[in-house]
Protein chains: 2
Amino acid sequence: MKKILIVEDEPSIAELQKDYLELSGFDVDLIDSGKKGLDQALHETYDLLILDVMLPEINGFEICKRVREEKDIPILMVSAKKEDIDKIRGLGLGADDYISKPFSPSELVARVKAHLTRYERLSAKSTQTNKQIQIRGIQIDQASRRVYVNKHEVVMTMKEFDLLLFFARNPNQVFSRDHLFERIWGFDSMGDPVTVTVHIRKLREKIEQDPSNPQYIETVWGAGYRFTV
Amino acid sequence: MKKILIVEDEPSIAELQKDYLELSGFDVDLIDSGKKGLDQALHETYDLLILDVMLPEINGFEICKRVREEKDIPILMVSAKKEDIDKIRGLGLGADDYISKPFSPSELVARVKAHLTRYERLSAKSTQTNKQIQIRGIQIDQASRRVYVNKHEVVMTMKEFDLLLFFARNPNQVFSRDHLFERIWGFDSMGDPVTVTVHIRKLREKIEQDPSNPQYIETVWGAGYRFTV
DNA sequence: AATAATCATCAAATAATTTTCAAATATACC
DNA sequence: GGTATATTTGAAAATTATTTGATGATTATT
């Protein structure tokens, strides 16, 4: 869950922001003074910062600049004054975005989400991990089409891989030979579904400890096969 | 000088954008069709992209998605429709910002500047490494287009270099011949994807110890090729 | 304009996968 | 327990994909 810090001294606005962001599933902290806000931002870990420009003690510009020196998180500035907006733009403060008051709460939420998404994209190459399927001792990397059984790589042929992937994506369901043939081979493919059997065997030889006693791909008599989790 | 690509089919708007951005010191290219725009965006180097959503042939969403898969530059989407704006937000396209028509030119310039600044800030750390790719025994210097295998320079032709660079940027992923052909040769390029094969071989002859037993660019039967790290 | 380098095309050779088939084995039902 | 039905298995045949070398076309360089 993403943590957001809001530094805003006007209670009504602060509460409005907090409510909407929490409703969208964020973990929100609220602070009403610039001094405390800066301290909190520097010493706690947040994923995003929302700063009001006009604040007691230390203003939003100053906080932005100071935080930016140390932290690399998205910072959104909020202000009612047009001059402020220009200042945010012009001055190289390192703010990521600005929102002018009055703003619609949904606009705020949209911006927050956009910045968090972008930040994730730029910082971590998280794209790699979401293509991985891990089921019991079997790990499937879709992008590289590699399969590991108990951490050891097992080289699969195309049909074997497709079959395994299909099972892994639909575990604990029984599929008939005909059904599997349609799904993996294509519904307009000519040929005989019995060929599925042979591939099941090949697959078992590669992933099962004892292929005649399968622990992953089980035979369901009269119905088909099931990848058991 | 920062290079910007605008993909916009309405000449009056396109010219307006171009004029203002050039006045602000940017180097601007203008393209009026989605297909050509995507091709240009993928094969030239730009610092920022401005995409109209409604375009002939290929729309802005599609371009955004495809460019994002390869390039890590700010993308601004432009649209008149409110539904589009919502779509840009909602769909995880990877757009960095959206601008609704009609827009003030100064607003556009401000946004462009903001995104370029932010992007520079974020990539500042990795800037050195950005131009150099080092994978196992292979070092690629993008700026000079030089390749070193085990510290020894290997001279590459254009296609060989492009192919290697693409693989190096996307390691451990299987790409089909068709996919590679689209990416390296351009998606609207006529010709046959089998030509990829020949270049793969040439590349292997240059970077592999034993080209018939490749350690870097592996053949994944029935699926394509994979640059293994 | 000549030369060199690169790129595209093709067909033969090779390699790997997929399919087929029949015998063997297992399961369900009477 | 016996029979019909379903599944497994092994090996060979058929198919499909990839590699390779040679050749002509294109492009850049001198």
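Note on naming: letters A, B, ... go to the chains in the order of the sequence lines (proteins, then strands), and numbering restarts at 1 for each one. Quick note: numbers below take in every heavy atom, side chains included, and nothing from hydrogens, waters or symmetry partners.
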A.B. asks: Using a 4.5 Å cut-off on heavy atoms from C-beta on, say whether the side chain of B/Ile140 contacts that of B/Gln132.
C.D. replies: no

A.B. asks: Expressed as a whole number of angstroms, how long is the span from B/Ile200:CD1 to D/dA17:C1'?
C.D. replies: 14 Å

A.B. asks: Counting only side-chain N and O atoms of B/His199, is one of them less than 4.0 Å from OP1 or OP2 of C/dA8?
C.D. replies: yes

A.B. asks: Restricting both atoms to N or O, compile the protein contacts to nucleotides 14-16 of chain D shorter than 3.5 Å, with distance only.
C.D. replies:
none

A.B. asks: Return the value, rounded to whole Å, for the distance between atom NZ of A/Lys202 and atom C1' of C/dT20.
C.D. replies: 13 Å

A.B. asks: Nearest to the side chain of A/Met158, heavy atoms from C-beta on, is which of D/dG21, C/dT18, C/dA8?
C.D. replies: C/dT18

A.B. asks: What's the closest nucleotide to the side chain of A/Arg201 if the choices are C/dT19, D/dT9, C/dT18?
C.D. replies: D/dT9

A.B. asks: Any base atoms under 4.0 Å from A/Tyr225, or only sugar-phosphate, or nothing? Heavy atoms, all strands.
C.D. replies: sugar-phosphate

A.B. asks: Check for a donor-acceptor pair, side chain of B/Glu44 on one end and backbone N or O of B/Leu42 on the other, with a separation under 3.5 Å.
C.D. replies: no

A.B. asks: Considering all heavy atoms of both residues, which atom of A/Asp72 and which atom of A/Tyr119 are nearest to each other, and what is their separation?
C.D. replies: O-CE1, 2.8 Å

A.B. asks: Looking only at side-chain N and O atoms, does A/Arg204 offer a donor or acceptor that is under 3.5 Å from a partner on A/Thr219?
C.D. replies: yes

A.B. asks: Under 4.0 Å: is that the gap between some side-chain N or O of A/Thr157 and OP1 or OP2 of C/dT17?
C.D. replies: no

A.B. asks: Provide, to the nearest angstrom, the distance between the NZ atom belonging to A/Lys206 and the P atom belonging to C/dT18.
C.D. replies: 9 Å

A.B. asks: Does A/Thr197 reach a base, just sugar-phosphate, or nothing at all? Heavy atoms under 4.0 Å.
C.D. replies: base

A.B. asks: Send over the distance from A/Asn213 CG to D/dT8 P, rounded to a whole Å.
C.D. replies: 12 Å

A.B. asks: Of all the choices, D/dT7, C/dC21, C/dT18, which nucleotide is nearest to the side chain of A/Thr219 once you look at every atom?
C.D. replies: D/dT7

A.B. asks: When the nearest nucleotide of DNA chain C is assigned to A/Gly191 and to A/Met156 on a heavy-atom basis, which residue is associated with the more 5' position?
C.D. replies: A/Met156

A.B. asks: Check every strand shown and say whether B/Phe181 touches a base, only sugar-phosphate, or nothing at a heavy-atom separation below 4.0 Å.
C.D. replies: nothing

A.B. asks: In whole angstrom, give the distance that lies between atom CD1 of B/Ile184 and atom C1' of C/dT6.
C.D. replies: 16 Å

A.B. asks: Could you state the atom-to-atom distance from CD of A/Glu208 to P of D/dT9 in whole Å?
C.D. replies: 11 Å

A.B. asks: Please figure out whether A/Ser212 or B/Glu205 has its closest DNA chain D nucleotide nearer the 5' end.
C.D. replies: A/Ser212

A.B. asks: With respect to the phosphate group of D/dT19, does any side-chain polar atom (N or O) of B/Arg204 fall under 4.0 Å of OP1 or OP2?
C.D. replies: yes

A.B. asks: Which listed nucleotide (D/dG21, C/dT6, D/dG10) is nearest to the side chain of B/Val198?
C.D. replies: D/dG21

A.B. asks: Considering the options B/Tyr225, B/Phe227, B/Phe181, B/Phe166, which one meets the ring pair (Phe, Tyr, Trp, His ring centres under 6.0 Å) requirement together with B/Phe175?
C.D. replies: B/Phe166

A.B. asks: Given atom CG of B/Leu203 and atom P of D/dT20, what is their separation to the nearest angstrom?
C.D. replies: 13 Å

A.B. asks: If we count only N and O atoms by modelled type, under 3.5 Å, do the side chains of A/Glu218 and A/Thr228 hold a donor and an acceptor together?
C.D. replies: yes

A.B. asks: Within the structure shown, what part of the strands sits under 4.0 Å from A/Val194 by heavy-atom distance: base, sugar-phosphate, or nothing?
C.D. replies: nothing

A.B. asks: Can you find a pair of side-chain heavy atoms, one from B/Lys65 and one from B/Arg68, that are under 4.5 Å apart?
C.D. replies: no

A.B. asks: Can you list the steps and then say if B/His199 with B/Trp185 is a ring pair (Phe, Tyr, Trp, His ring centres under 6.0 Å)?
C.D. replies: CA-CA 12 Å; B/His199 286 272; B/Trp185 273 256; 5.4 Å; yes

A.B. asks: Please report the distance, rounded to the nearest Å, between CG in A/Asp192 and P in D/dA6.
C.D. replies: 14 Å

A.B. asks: Quick one: on DNA chain D, does A/Ala223 or B/Gly222 contact a more 5' nucleotide (nearest heavy atom)?
C.D. replies: A/Ala223

